[in-house]
2 protein chains.
Amino acid sequence: MNILIIGAAGMIGSKLTNRLIADGNLGGKAIDKVILVDVVEPTAPADAPFATETMAADLSSPGVAATLVEKRADVIFHLAAIVSGEAEADFEKGYRINLDGTRFLFDAIQAADGYVPRVVFTSSIAVFGAPFPDAIPDEFHHTPLTSYGTQKAIGELILSDYTRRGFMDGIGIRLPTICVRPGKPNKAASGFFSSIIREPLAGQEVVLPVSEDVRHWHASPRSAINFLIHAATIDGEKVGTRRNLTMPGLSVTVGEQIEALRRVAGDNVVARIRREPDPVIMKIVEGWPRNFAPVRAPALGFRSETDFEQIIRAHIEDELGGTFVA
Amino acid sequence: MNILIIGAAGMIGSKLTNRLIADGNLGGKAIDKVILVDVVEPTAPADAPFATETMAADLSSPGVAATLVEKRADVIFHLAAIVSGEAEADFEKGYRINLDGTRFLFDAIQAADGYVPRVVFTSSIAVFGAPFPDAIPDEFHHTPLTSYGTQKAIGELILSDYTRRGFMDGIGIRLPTICVRPGKPNKAASGFFSSIIREPLAGQEVVLPVSEDVRHWHASPRSAINFLIHAATIDGEKVGTRRNLTMPGLSVTVGEQIEALRRVAGDNVVARIRREPDPVIMKIVEGWPRNFAPVRAPALGFRSETDFEQIIRAHIEDELGGTFVA
């Protein structure tokens, strides 16, 4: 089988590529070829047990989607998006990349005769906007409070309608906040959820800008890749007409994150967290979802971590070679 | 003040025009001019106490939205859409008219410097798709089962985001099924809800294609116009960030419709209804919403009929000059 990954150069895209290389198959079917696409040409993996092709392509440029669809991949992972902060800061770019790009892709699939690929679309919990119930149920309405969330919610609607009409076989997955996100600290308002774990484990001091009672919804990068693989291989009949699913995750407070870090790595590591409340970040975080009660996705076999220590251990195993700076 | 009605030649658009002519003002502010736009040039009303302008324009043609926005109307009623059946039968036309047309309009408003009109957008209960709870709450998610419902749900999302960003001041209203719809019987699957009242009152026999226990959600044309007027004049601050509202309506069974007709017009009129169950129509109707529990719209002052006799009497008063064929 052939697989197309759009947005392959990002954190999720490269971890997905590595997972496909490790597995050599998808849902038990041997992989013949993986096509890696991003706005900047992804690096070709050296060690793949299948053919790979890399392409620089901007899905939001008219005509590009058709060239990608010509590859006739059996499975398309559509991960390409600009992030929430950028979509908010640059109105035109957000709608162009996140909405038009997605619609161009889905329309190119619709226009391709007899081609009905499985399309896995990464949506987001940003489709939800406050005020929320204590735990957001699967049936809660989408009232995004960001342009990014709006663009993802629209992508979900088109995916669902095009699947219902038989143009494609789409599954949309609403990812939790990915934690522990590897790499350098960034200026994203959500960055501290990861950096308060990642930096202390690397021997670095880190600033916690919110109070410890802030609650949020997490899954590890490893779980995110599991979600993508499961979404690519699940029986569409079982999913039914409601093609967009809130993924399972773990709702913990920042205080619970810190206590889990203490249990895994000890007091010395935790002592590297410095509390410096930032009213701007606290205000932003107030509007974010804190907890969900997903029923459908777990019933369909999607699994995530069940305590935060697992999330920390996944980071130590997958990113730190099993060790940390004690 | 100046008012722009896009989709002015339709049933709702012409009734809204007549209401503005009767009132001469909108929310207490004198109307200077009303601009009536539709794909076919609307008829200029002869008796308006304000200036009128009529235009033939297709909002889905690039550039047209900008010419409409140049009018700098204080209030825009965006009623233009192709109906559910047509949007389902003609994929390309539905997305072009109902989605692209709406986005072109909202984008043209966004691009106009310092212009932030009140925009009233007619959405639909078709944004909801089965399975439903007994009464659909305001917080229920949007999982449309038609392309029309998908296009309306996307319009709602863009309206909400553009309002949040300060580009416009939008209010989306999800209309119930309009009953009694005036005019000739048509082939819409929902047509019987109106025709079983309208045709007998006009002395005509009519076919009822479903069983009497079918339940549906109704409001009169008169209420629909009240909703539009109220949405045009309501304080946006009071509405808050959730700009799309399920309008109040009346949930009744077909049997209750018929008994109301009997009370208003007598046994002879009811005897003109012939029962001829149509499995195709029964199947379509099964997927439709039956009942809602709107809380926000009534709290914001939107009002509809509270029993079906009022809906029948509104039809007799507004369409039949106060009489019917006994």
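Every chain is numbered from 1 and lettered A, B, ... according to where its sequence line falls, protein lines coming before strand lines. All heavy atoms count here, side chains included; hydrogens, waters and symmetry mates do not.
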- Query: For the candidates B:Asp107, B:Asp138, B:Thr143, B:Ile158, which exhibits the highest count of non-hydrogen atom pairs separated by less than 4.5 Å from chain A?
  - Reply: B:Thr143
- Is chain A contacted by the side chain of B:Ala130, its backbone, both, or neither, given a heavy-atom distance below 4.5 Å? backbone
- Value for CZ (A:Phe132) from CD (B:Glu139), rounded to nearest 0.5 Å, stands at 12.5 Å
- Message: Counting neighbours of CG on A:Asp134 that are heavy atoms of other residues, nucleotides or ligands and sit closer than 6.0 Å, is the number greater than 12?
- Response: no
- Note, B:Leu157 side chain near A:Pro144 side chain (heavy atom, < 4.5 Å): yes
- Task: Name, in order of residue number, those residues of residues 241-250 of chain A that have a heavy atom at a distance of less than 4.5 Å from a heavy atom in chain B; otherwise write 'none'.
- Result: A:Thr241, A:Arg242
- Is the number of heavy atoms from other residues, nucleotides or ligands under 6.0 Å of B:Arg164 CZ greater than 12? yes
- Tell me, side chain or backbone of B:Phe167 under 4.5 Å from chain A's heavy atoms, or both, or neither? side chain
- Could you check which of A:Arg103, A:Gln151, A:Glu156 has the highest count of heavy-atom pairs closer than 4.5 Å to chain B? A:Arg103
- Message: To the closest 0.5 Å, what do you measure between CG (B:Leu145) and CG (A:Asp161)?
- Response: 9.0 Å
- Task: Against chain B, work out which of A:Gly149, A:Pro133, A:Pro131, A:Ala153 has the most heavy-atom pairs shorter than 4.5 Å and name it.
- Result: A:Pro131
- Should the heavy atoms of other residues, nucleotides or ligands under 6.0 Å from CZ of A:Arg290 be counted, would the total exceed 12? no
- Nearest-0.5 Å distance that lies between atom CG in B:Leu159 and atom OG1 in A:Thr150: 10.5 Å
- Message: Taking side chain as everything from C-beta outward and backbone as N, CA, C, O, which of these in A:Ser147 sits under 4.5 Å from a heavy atom of chain B? Side chain, backbone, both or neither.
- Response: both
- Query: How would you list, in number order, the residues of residues 64-92 of chain B that have a heavy atom less than 4.5 Å from chain A?
  - Reply: B:Ala87, B:Glu88, B:Phe91
